[in-house]
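Since the structure is predicted, the reported quantities are computational estimates derived from the model, not experimental observations. We count ligands from 1, going down the list as the structure has it; atoms in each ligand are counted the same way.
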Amino acid sequence: MLNYPMQTLSADAIICGAGSAGLAAAYYLSQQGLTNIILVDKNEPLSQTSSKSGENYRTWWPNETMVGFISRSIDLMDEIVEQSANAIQLDRRGYLYVSEKQTLDSLDVYKSLDVGGMRVHEQVGSSYSPFQEESNLNGADILIGNDVIKHHFPHLSENITLAIHARRAGSLSAQQLGMYHLEEAKAKGLKHLNAELIDVLQDDEGVSGVKLKTTEGDIIIESRILVNAAGPFVNEIAAMLGETLAIKNVFQQKIAFRDHEQVLDRKMPFTIYIDEQELNWSEEDKALLADEPSYDWFLDNFQGGLHIKPEGGLGSILVKLGWAFNQESEEPQWDKHSLEEFPDLVIRGASRFIPELERYIGKLPKPILHYGGYYTKTEENMPLIGPMKTKGAFVLGALSGFGTMACCGAGELVAQHVLGKDLPGYAQALAPSRYDDLELLEHLRATALNGEL
Ligand SMILES: Cc1cc2nc3c(=O)[nH]c(=O)nc-3n(C[C@H](O)[C@H](O)[C@H](O)COP(=O)(O)OP(=O)(O)OC[C@H]3O[C@@H](n4cnc5c(N)ncnc54)[C@H](O)[C@@H]3O)c2cc1C
């Protein structure tokens, strides 16, 4: 049998993964002067976790590292808005966090952070305007008392007594942002290969290349730089280097349906119920669920964070809901089935703070779009961006439930690491080397409240 030599290419850098993260890395590496980059993905660009995003963003984070990092990412998104006539469809409606239980004291942590001022409104007729979309608004408007809250948001429950409207926040199109990064990087010379990375080659100097499987046979690409942006599979790539990253994968879900009854105000901000809750089952349902071991957890206390927003603009009746209540980590699989009962659980939970949604319990209009993807996350729910142990290998991952909003900042940061540029103040806390600094790690774990949506 004839033994044909394997095709060999060479590149200044290889990026594994064409999700939001890998595409942003390609864009910022090429912006910063690297032209011979090869981007590898076994699937279509943006077809995996990045296609499941709720596409929301905010600077309202509970620790200084995430505030600095995500604020920078939003600055970069704003630049793209300017350069592209808002091809990424970014709006600034804000995030509206609502609660029946929390008080103003719960916001003390934000006072020491660079998230902008807090403006308290206790009276109807104050200067607060919920629907301003100006991009220069920052900080948060805090509404106290149900009167003022119902005045501005009549669809909310009369039990809601605190509403925090974070203003440097809103929605964008993750697909458009990723395609912008891809097209701009291609214009600067990026090559994109549809292939599976099956091995990383090493020599005495660290990474020396990768082996790819393609429909036309295997290929070797020689390169001294590998950016591991493989989403839920970052640890498969790390294992090829004999390394393990401290991440886990947790499956989270969303639904979208048509709000035929027009319960929601189409201009309402992305709204998040921050209290935990037990769902409103009938006594009969409760008895049935209590008797069924695989369903009795439906009676448990569910964590806060259920979120809802109108989707598709003023002319649409689509609404999107999500609730990242799953805590169980697992080995990632792409064909994972969503929990059949999730739509019912989420609509019951949402009717707690938007009572009119109760009319959809047990009769959600079909078709219901129901999908899910992995939050790839570290224990402290902060990303991993920077050098791995093997020389020449960099990770850009663990973007959890914030990878759409973080990808610009993350892409820029990994490019700065790769090219040996000056690093911003938040770089150290996001690098994998943070696990060697126990004091820093302890501080991050103490301050990084969950914050995932
Ligand atoms: C339900 C849900 C809602 C979310 N909502 C939001 C939100 O509102 N706002 C926000 O900012 N973020 C949100 N996120 C998070 C965001 O979607 C993710 O953080 C982000 O998409 C992760 O991007 P990624 O590029 O790291 O991963 P992915 O998009 O998964 O990309 C990884 C790529 O690597 C490829 N790959 C893996 N292994 C190999 C290999 N060996 N060879 C070749 N290719 C390989 C895969 O094919 C894939 O294309 C949400 C996530 C989920 C699941």
Side-chain angles (χ1 to χ4, degrees), residues 14-26 38-58 61 70 73-74 77 95 169-175 177-178 181 192-200 210-214 226-240 247 249-256 270 272 305 307 309 311 320-326 332 334 336 338 342 346 370-377 381 383-385 395-411 414 451-453:
I14 297 159
I15 301 169
C16 177
S20 297
L23 294 175
I38 300 185
L39 172 70
V40 175
D41 201 306
K42 61 180 176 182
N43 295 302
E44 288 298 310
L46 300 162
S47 62
Q48 304 303 314
T49 321
S50 300
S51 64
K52 311 300 186 309
S53 174
E55 307 181 302
N56 307 298
Y57 72 91
R58 83 240 192 225
W61 282 89
I70 302 282
S73 200
I74 296 174
M77 292 198 296
Y95 271 38
S171 296
L172 72 147
S173 165
Q175 291 290 315
L177 177 59
H181 285 151
H192 170 215
L193 283 184
N194 184 222
E196 179 177 1
L197 193 152
I198 52 172
D199 201 6
V200 183
V210 296
K211 186 173 178 187
L212 306 180
K213 189 165 132 193
T214 78
L226 170 66
V227 177
N228 175 5
F233 297 97
V234 275
N235 248 341
E236 284 196 359
I237 308 299
M240 296 174 194
I247 57 117
N249 284 296
V250 185
F251 192 71
Q252 305 295 2
Q253 301 168 65
K254 285 209 173 285
I255 62 166
F270 177 61
I272 306 107
H307 45 273
K309 71 170 177 183
E311 180 80 7
K320 210 187 227 183
L321 295 97
W323 200 357
F325 59 67
N326 185 22
W334 288 126
K336 163 109 182 147
S338 299
F342 182 82
V346 77
H370 178 193
Y371 54 93
Y374 290 101
Y375 282 14
T376 303
K377 54 193 282 198
N381 202 26
L384 285 176
I385 305 166
V395 60
L396 174 46
L399 291 164
S400 188
F402 47 77
T404 303
M405 67 182 98
C407 70
C408 289
V414 84
E452 64 182 21
L453 289 173

| request: Within a distance under 4.0 Å of any heavy atom of Gly373, pick out the atoms of ligand 1 and give their elements. | output: 53 (C)
| Which of the atoms in ligand 1, numbered in the order shown and given with their element, are less than 4.0 Å from a heavy-atom of Ser20? | 25 (O)
| request: Could you tell me which residues satisfy ring-ring contact (aromatic ring centres under 6.0 Å, His included) with Tyr374, sequence neighbours excluded, listed by chain and number? | output: Phe251
| In ligand 1, which numbered atoms sit nearer than 4.0 Å to a non-hydrogen atom of Phe402? | 10 (C), 11 (O), 12 (N), 15 (C)
| Residue portion contacting ligand 1 (non-hydrogen atoms closer than 4.0 Å) for Ala324 | neither
| field | Test item: side-chain donor near acceptor, Lys309 and Asn56, under 3.5 Å | value | yes
| Heavy atom under 4.0 Å from ligand 1: found in Ala195's side chain, backbone, both, or neither? | backbone
| query | Can you tell which part of Lys254 has a heavy atom less than 4.0 Å from ligand 1: side chain, backbone, both or neither? | reply | side chain
| query | Should the pair Lys377 and Phe402 be classed as cation-pi, given the thresholds of under 6.0 Å to the six-membered ring centre and 45° from the axis? | reply | no
| query | Does some side-chain heavy atom of Leu177 sit less than 4.5 Å from a side-chain heavy atom of Met77? | reply | yes
| For ligand 1, the portion of Leu396 having any non-hydrogen atom under 4.0 Å away | neither
| For Ala406, is at least one N or O under 3.5 Å away from an N or O on ligand 1? | no
| Short N or O distance, Ala18 and ligand 1, threshold 3.5 Å exclusive | no
| Looking at Asn235, Leu226, Val200, which hits side chain to side chain contact (heavy atoms under 4.5 Å, CB included) with Met240? | Val200
| request: Please could you name the atoms of ligand 1 that Gly231 approaches to less than 4.0 Å, counting only its heavy atoms? | output: 26 (O), 27 (O), 32 (C)
| Min N/O separation Glu44 to ligand 1 under 3.5 Å | no
| Just heavy atoms, cut-off under 4.0 Å: does Tyr371 contact ligand 1 by side chain, backbone, both, or neither? | neither
| query | With a 4.0 Å heavy-atom cut-off (strictly under), which part of Ala229 contacts ligand 1: side chain, backbone, both or neither? | reply | backbone
| field | Part of Trp334 within contact of ligand 1 (heavy atoms, under 4.0 Å) | value | side chain
| message | Applying a heavy-atom cut-off of 4.0 Å, say which part of Glu236 lies close to ligand 1: side chain, backbone, both or neither. | response | neither
| query | Any idea which atoms of ligand 1 are less than 4.0 Å away from a heavy-atom of Asn56? | reply | 7 (C), 8 (O), 9 (N), 10 (C), 11 (O)
| said: Pairs of nitrogen or oxygen atoms closer than 3.5 Å, one from Gln252 and one from ligand 1: do any exist? | reply: no
| request: Run the numbers for me: atoms of ligand 1, each under 4.0 Å from some heavy atom of Gly17, listed by number. | output: 33 (C), 34 (O), 35 (C)
